[in-house]
S.K.: 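Sharing a structure, written as structure tokens. Questions coming.
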Number of protein chains: 2
Amino acid sequence: MGPTLVRQMLSTLSERGHRLTRPRQTVLRVIEASPEGFTARQVYQATRRRGIRIGLTSIYRTLNLLVRHGLIQEVHRENGEHRYLACEANHHHHAVCMACGRILDFEACGLEDLTRRVARTTRMAILGHRLELFGQCQDCRKR
Amino acid sequence: MGPTLVRQMLSTLSERGHRLTRPRQTVLRVIEASPEGFTARQVYQATRRRGIRIGLTSIYRTLNLLVRHGLIQEVHRENGEHRYLACEANHHHHAVCMACGRILDFEACGLEDLTRRVARTTRMAILGHRLELFGQCQDCRKR
DNA sequence: ATCTGTGCAAAGGTTTTGCAGGGGA
DNA sequence: TCCCCTGCAAAACCTTTGCACAGAT
């Protein structure tokens, strides 16, 4: 990810009649620097580390706005906290152990064909996907 | 799904040293009757309709137990409420509109190869998966 | 100048935890 | 009998909402 991402998001929001406020720009810059995804609280803490005070409320509102516009997506939920990922971010997925919660990454998913097929069937513009595998890791299987 | 599912879940729990209490059995029977998935609250209401009083707490604890043992999985979150699905349930996935939240189903996913590949790489026993596509539905695209 | 966006505080809702008592094995 | 499981109540938690003010266009 690079400055391209922020510029693209800013222009999308602007085109659609949203104001490019300081809080929104700050959130976007944090997202840009979080290739592994982020939670609302992480964005909040990151902005504070940068010496900028933004209310948690605005973080949530901005994230919801970005989701509605298809710029970020919710990818995972850990301990009741949502994890988001920029739609253009480097593409990977999770294999989650249902017993201990351990998360392993994997890359290739080969969903391009499926995506095209579903787009045709449902007449939706498919912008991203979430794929998670569930199972039991080696340690938990041994008990 | 059929009685097989309940029997299988019961024996799995039993084998692993858990007690087959009345609340747990009731929850399993509700799950069996919910091929489209269920939320904690729906399980709660369904048990009450059957004239059986179980605390919401026990529902949550039972669901968490079943998840840890790989018998059910969390498939979706709507308005902060988790939706679960028995791992052996009829297999389908969701395409979610990021703007209005509309959900469309689709079936084929063709992840068998990927599953095998990841199982080999990560040494996890893969028991299920969640796949969701995100995008914008026809109506929301028109604005 | 207008009207969207922000921040605070408080509400809202789901899920978890503590603890005393009950019921499987 | 033993100890896991249950149920209630309360806590903990993330997220949303109401309202007055600030700031982008």
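Small disclaimer: the values here were computed from a predicted structure and weren't measured. Within every chain, numbering begins at 1; the chains are lettered A, B, ... in the order of the sequence lines, protein sequences first and strands thereafter.
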S.K.: Mind checking whether A:His69 and A:His18 have parallel, tilted or perpendicular rings, split at 30° and 60°?
M.R.: perpendicular
S.K.: If each of B:Leu20 and B:Asn79 is mapped to the nucleotide of DNA chain C with the nearest heavy atom, which maps nearer the 5' terminus, i.e. the 5' end?
M.R.: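 It is B:Asn79, whose closest nucleotide lies nearer the 5' terminus.
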S.K.: Assess, by modelled atom type and distance only, whether the side chains of A:Asp105 and A:His94 contain a donor and an acceptor separated by less than 3.5 Å.
M.R.: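 Looking only at side-chain atoms, A:His94 and A:Asp105 do form a donor-acceptor pair, the distance falling under 3.5 Å.
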S.K.: Heavy atoms only: give me the nearest B:Ala40-B:Leu56 pair and the separation to one decimal.
M.R.: O-CD1, 4.2 Å
S.K.: Would you name the heavy atoms of B:Cys109 and B:Leu131 that are closest together and state the gap between them?
M.R.: CB-CD2, 4.0 Å
S.K.: Measure CZ/A:Arg68 against C1'/C:dG5 and give the value in whole Å, please.
M.R.: 13 Å
S.K.: If you find the nucleotide of DNA chain D closest to B:Arg53 and the one closest to B:His18, which residue's nucleotide is nearer the 5' end?
M.R.: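 Whichever sits nearer the 5' end wins; that is B:His18.
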S.K.: Heavy atoms only: give me the nearest B:Glu36-B:Arg83 pair and the separation to one decimal.
M.R.: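 Smallest heavy-atom distance, with atoms named: O-NH1, 3.6 Å.
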S.K.: Nearest whole Å is fine: how far is C:dT2 C1' from A:Arg19 CZ?
M.R.: 8 Å
S.K.: Roughly how many Å is it from CG in A:Leu56 to C1' in C:dC8, rounded to a whole number?
M.R.: 12 Å
S.K.: Might you point out which heavy atoms bring B:Gln136 and A:Arg68 nearest each other, and give the distance in Å?
M.R.: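 Shortest heavy-atom separation between B:Gln136 and A:Arg68 comes out as NE2-O, 3.7 Å.
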S.K.: Quick check on the hydrophobic clustering: are A:Val96 and A:Leu133 connected, directly or via other members, by side-chain heavy-atom contacts under 4.5 Å?
M.R.: no
S.K.: Just by modelled atom types, is the A:Thr39 backbone N or O under 3.5 Å from a matching donor or acceptor in the A:Gln42 side chain?
M.R.: yes
S.K.: Under 4.0 Å from OP1 or OP2 of C:dT15: is there any side-chain N or O of B:Tyr60 that close?
M.R.: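 Answer yes for this pair, as a side-chain N or O of B:Tyr60 is under 4.0 Å from OP1 or OP2.
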S.K.: Aromatic rings A:His129 and A:His91: how do their planes relate, parallel, tilted or perpendicular, breaks at 30° and 60°?
M.R.: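 Plane angle over 60°, so perpendicular.
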S.K.: Give one of base, sugar-phosphate or nothing for A:Arg61, where a contact means two heavy atoms less than 4.0 Å apart.
M.R.: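 Result for A:Arg61 = base.
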S.K.: Can you measure A:Ile52 atom CD1 to C:dG7 atom C1' for me and round it to whole angstrom units?
M.R.: 16 Å
S.K.: When the distance from CG of A:Asn64 to P of C:dG5 is rounded to whole Å, what number comes out?
M.R.: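 About 13 Å, once rounded to whole Å.
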S.K.: Pick the nucleotide of DNA chain D nearest each of A:Thr21 and B:Ile59; which residue has the one closer to the 5' end?
M.R.: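 On the 5' side of the pair lies B:Ile59.
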S.K.: Has B:His82 got a side-chain N or O lying under 4.0 Å from the OP1 or OP2 atom of C:dT15?
M.R.: yes
S.K.: Using five pairs at each end of the helix from C:dA1-D:dT25 to C:dA25-D:dT1 to define an axis, what is the angle between those two axes, to 10°?
M.R.: 50°
S.K.: Heavy atoms of chain B, cut-off under 4.0 Å: which first and last nucleotide of DNA chain D, 5' to 3', fall inside that, if you could look?
M.R.: D:dC3 to D:dA9
S.K.: When rounded to the nearest 0.5 angstrom, what distance separates CZ in B:Arg123 from CD in A:Gln138?
M.R.: 5.5 Å
S.K.: Taking CD from A:Glu81 and P from C:dT14, how many angstroms apart are they, rounded to a whole number?
M.R.: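 So the CD-P distance, A:Glu81 to C:dT14, works out to 19 Å.
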S.K.: Specify the residue among B:Ala40 and B:Arg22 whose closest nucleotide of DNA chain C lies further upstream toward the 5′ end.
M.R.: B:Ala40
S.K.: Just call it for B:Thr57: base, sugar-phosphate, or nothing, with non-hydrogen atoms closer than 4.0 Å on any strand.
M.R.: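 Here B:Thr57 touches the bases of the nucleic acid.
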S.K.: For the pair made of CD in B:Glu74 and C1' in C:dT15, what is the distance, rounded to whole Å?
M.R.: 11 Å
S.K.: May I have the distance from B:Arg41 (atom CZ) to C:dT16 (atom P), rounded to whole angstrom?
M.R.: 13 Å
